[in-house]
Amino acid sequence: MSGRPRTRLSGVVLGAPDPRALADFYRHVLGWRLRWDEPDWVMLEAPDGGPGLHFQTEAEHVRPVWPAGPGDQQMMVHLDIEVDDLDVASDHAVAGGATVAEYQPQEGVRVLFDPAGHPFCFFLPGH
């Protein structure tokens, strides 16, 4: 039997010096349930059964630069999160430890950084 095996994306992994703290931040932002909690590995479960967010210890984590220039630490991934109100969502994330990026590239989208420096975007439906 040949062909493609059955696959399913189970999660997106973000590295940070303190994975539990970063998981707590995303629990605050998303309201997702904690599924697994070990010192070096924490998992949040998506309420709809889709891919979750996982966090692992990276002691040598270097914050990406955004927008990056030549020679800068590049972001490896960013999260896009649909919201119904950019200001309310941003205020809620900032209250949990996020920082709003100085550079905002487009209307209907707000770029922020989580406490470990990973960029993520809030966006309005249709953007």
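Note that the coordinates shown come from a computational prediction; the quantities given were computed from them, not determined experimentally.
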Please tell me if the side chains of [X] and [Y] come closer than 4.5 Å, counting only heavy atoms from C-beta onward.
X	Y	value
D18	F25	no
F120	D80	no
C121	L79	no
L124	D85	no
P125	E82	yes
R27	L34	yes
V94	L112	yes
E45	L53	no

Might you point out which heavy atoms bring [X] and [Y] nearest each other, and give the distance in Å?
X	Y	answer
V111	Y103	CB-O, 4.4 Å
L86	V109	CD1-N, 3.8 Å
W32	G52	CZ3-CA, 3.9 Å
W66	P105	CH2-CD, 3.7 Å
P39	P19	O-CG, 3.7 Å
M75	P119	SD-CG, 3.6 Å

What distance do Q106 atom CD and F123 atom CZ have between them, rounded to the nearest 0.5 Å?
->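 The CD atom of Q106 sits 10.5 Å away from the CZ atom of F123.
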Can you tell me how far the CD atom of Q73 sits from the NE2 atom of H61, to the nearest 0.5 Å?
-> 8.0 Å
Do the side chain of [X] and the main chain of [Y] share a donor and acceptor less than 3.5 angstrom apart?
X	Y	value
R63	F113	no
D72	G69	yes
H28	A23	no

Would you find more than 12 non-hydrogen atoms of other residues, nucleotides or ligands less than 6.0 Å from R35 atom CZ?
-> no
Tell me, yes or no, whether the heavy-atom count around Q74 atom CD, taken from other residues, nucleotides or ligands under 6.0 Å, exceeds 12.
->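 Counting neighbours around CD of Q74, more than 12 heavy atoms of other residues, nucleotides or ligands fall under 6.0 Å, so yes.
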Going by atom types only, do Q56 and E58 share a side-chain donor-acceptor pair under 3.5 Å?
->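 Result is yes, a qualifying pair exists.
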Treat each ILVMFWY residue as a node, draw an edge where side-chain heavy atoms are under 4.5 Å apart, and state whether [X] and [Y] are in one component.
X	Y	result
V12	V42	yes
V83	L44	yes
V88	L30	no

On the 0 to 90° scale, with breaks at 30° and 60°, tag the F55-Y26 ring pair as parallel, tilted or perpendicular.
-> parallel
In a check of side chain to side chain contact (heavy atoms under 4.5 Å, CB included) between F122 and each of D84, V100, V29, which one passes?
->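 Among D84, V100, V29, the one meeting side chain to side chain contact (heavy atoms under 4.5 Å, CB included) with F122 is V29.
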Taking it one step at a time, do H78 and H118 satisfy side-chain contact (heavy atoms from CB on, under 4.5 Å)?
-> CA-CA 7 Å; H78 76 272; H118 302 100; over 6 Å; no
